[in-house]
Asker: 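Here's a structure for you.
Below, all heavy atoms of this structure are taken into account, side chains as well, without hydrogens, waters or symmetry copies. As the structure is a prediction and not an experimental result, all values here were calculated from the model.
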Amino acid sequence: MLDMKRFAVYYAPPPGAFADLAARWLGWDAVSGQACAPPDLDLPVAEITAEPRRYGFHGTVKPPFRLAPGATPGDLDAAMKGLAARLAPVLLPGLRLASLDGFLALVPEGDTTPLQRLAATVVRDLDPLRAPLIEAEIARRRPERLTPPQRALLERWGYPHVMEEFRFHLTLTDRLPVGMAGRAQAALAAHFAPVLPRPFVIDALCLFGEPKDGGFRLLHRYDLAGRDVAG
């Protein structure tokens, strides 16, 4: 954990068929930190998954952040253990494939209020360990395109899509041209149909790290063992 330039808290599926097929689709296994062979499809899979491949297959809970001055990976580990001991698993009916602003992702079905509360608690409780944004990081979020509430969230929490703007999703592609979207959606539906979890259970928080010379890796899985989802 010591050589990571950024950390993030994600949902990532436990070992199994779902995790394996997701890693194959993106061409990156965040557990091993190695590239893997993409599925044999009549699609330029490597080209349309370039952005999500950097981060590994995941659903964001707390977006990537640098550690605050004086904070250590050990502090982050202790905070994660505290959250995991307090927070309860979240149970949802399942996942479905959806188009979100031009890219394809898996999104949860059912009432996501407990998941919203869990994510808000993680964002809030870990925020003292987050370094303030620098100008380049702010610029990457294109603040001129954000709504006033999103700009306020960016300033307060370091990211515009948290708290009331949070929408959990597991990204599968870059933004796609119209002609490519339908083909990719059909391929993804077939690729994931045998393994989509039903119900969909979030029973662990996964700490990911971004090394200086590679994609994000899963560093540790913290099993949720508490009863509190409201913070």
Asker: Roughly how far, to the nearest 0.5 Å, is CZ of Phe208 from OH of Tyr10?
Answerer: 7.0 Å
Asker: Test His169 against Phe103 for ring pair (Phe, Tyr, Trp, His ring centres under 6.0 Å), laying out the working first.
Answerer: CA-CA 11 Å; His169 59 279; Phe103 65 90; 5.7 Å; yes
Asker: Which residues satisfy the salt bridge (Lys or Arg N to Asp or Glu O under 4.0 Å) test with Asp127, sequence neighbours excluded?
Answerer: Lys62, Arg130, Arg156
Asker: Between the side chains of Asp101 and Arg175, is the shortest nitrogen-to-carboxylate-oxygen separation below 4.0 Å, so that they form an ion pair?
Answerer: yes
Asker: Considering only heavy atoms from C-beta outward, does the side chain of Arg124 approach that of Met163 to under 4.5 Å?
Answerer: yes
Asker: Atom OG1 of Thr49 and atom CZ of Phe57: how far apart are they, to the nearest 0.5 Å?
Answerer: 12.5 Å
Asker: Just how far is it from atom CE of Met180 to atom CG of Leu43, taken to the nearest 0.5 Å?
Answerer: 6.0 Å
Asker: Is it true that atom CD of Glu144 has more than 12 heavy atoms of other residues, nucleotides or ligands lying nearer than 6.0 Å?
Answerer: yes
Asker: Rounded at 0.5 Å granularity, tell me how far CZ in Arg141 sits from CG in Leu133.
Answerer: 8.0 Å
Asker: Please report the interatomic distance CD(Gln185) to OG(Ser99), rounded to the nearest 0.5 Å.
Answerer: 6.5 Å
Asker: Can you check whether Gly215's main-chain N or O pairs, donor with acceptor, with Arg53's side chain at less than 3.5 Å?
Answerer: no
Asker: Is Arg24 salt-bridged to Asp29, going by a charged N under 4.0 Å from an acidic O?
Answerer: no
Asker: Please set out all donor-acceptor pairs under 3.5 angstrom arising from side-chain atoms of residues 188-204, sequence neighbours excluded.
Answerer:
| unit_1 | atom_1 | unit_2 | atom_2 | d |
| --- | --- | --- | --- | --- |
| His191 | NE2 | Leu21 | O | 2.9 |
| Arg198 | NH1 | Glu109 | OE1 | 3.1 |
| Arg198 | NH2 | Glu109 | OE1 | 2.7 |
| Arg198 | NH2 | Glu109 | OE2 | 3.2 |

Asker: Taking side chain to side chain donor-acceptor pair (under 3.5 Å) as the definition, give me every residue that meets it alongside Glu137, ordered by chain and number, with sequence neighbours left out.
Answerer: Arg66
Asker: Heavy-atom count check: over 12 atoms from other residues, nucleotides or ligands less than 6.0 Å from Glu164 CD?
Answerer: yes
Asker: Can you measure from CD1 (Ile138) to CG (Leu146) and round to the nearest 0.5 angstrom?
Answerer: 11.0 Å
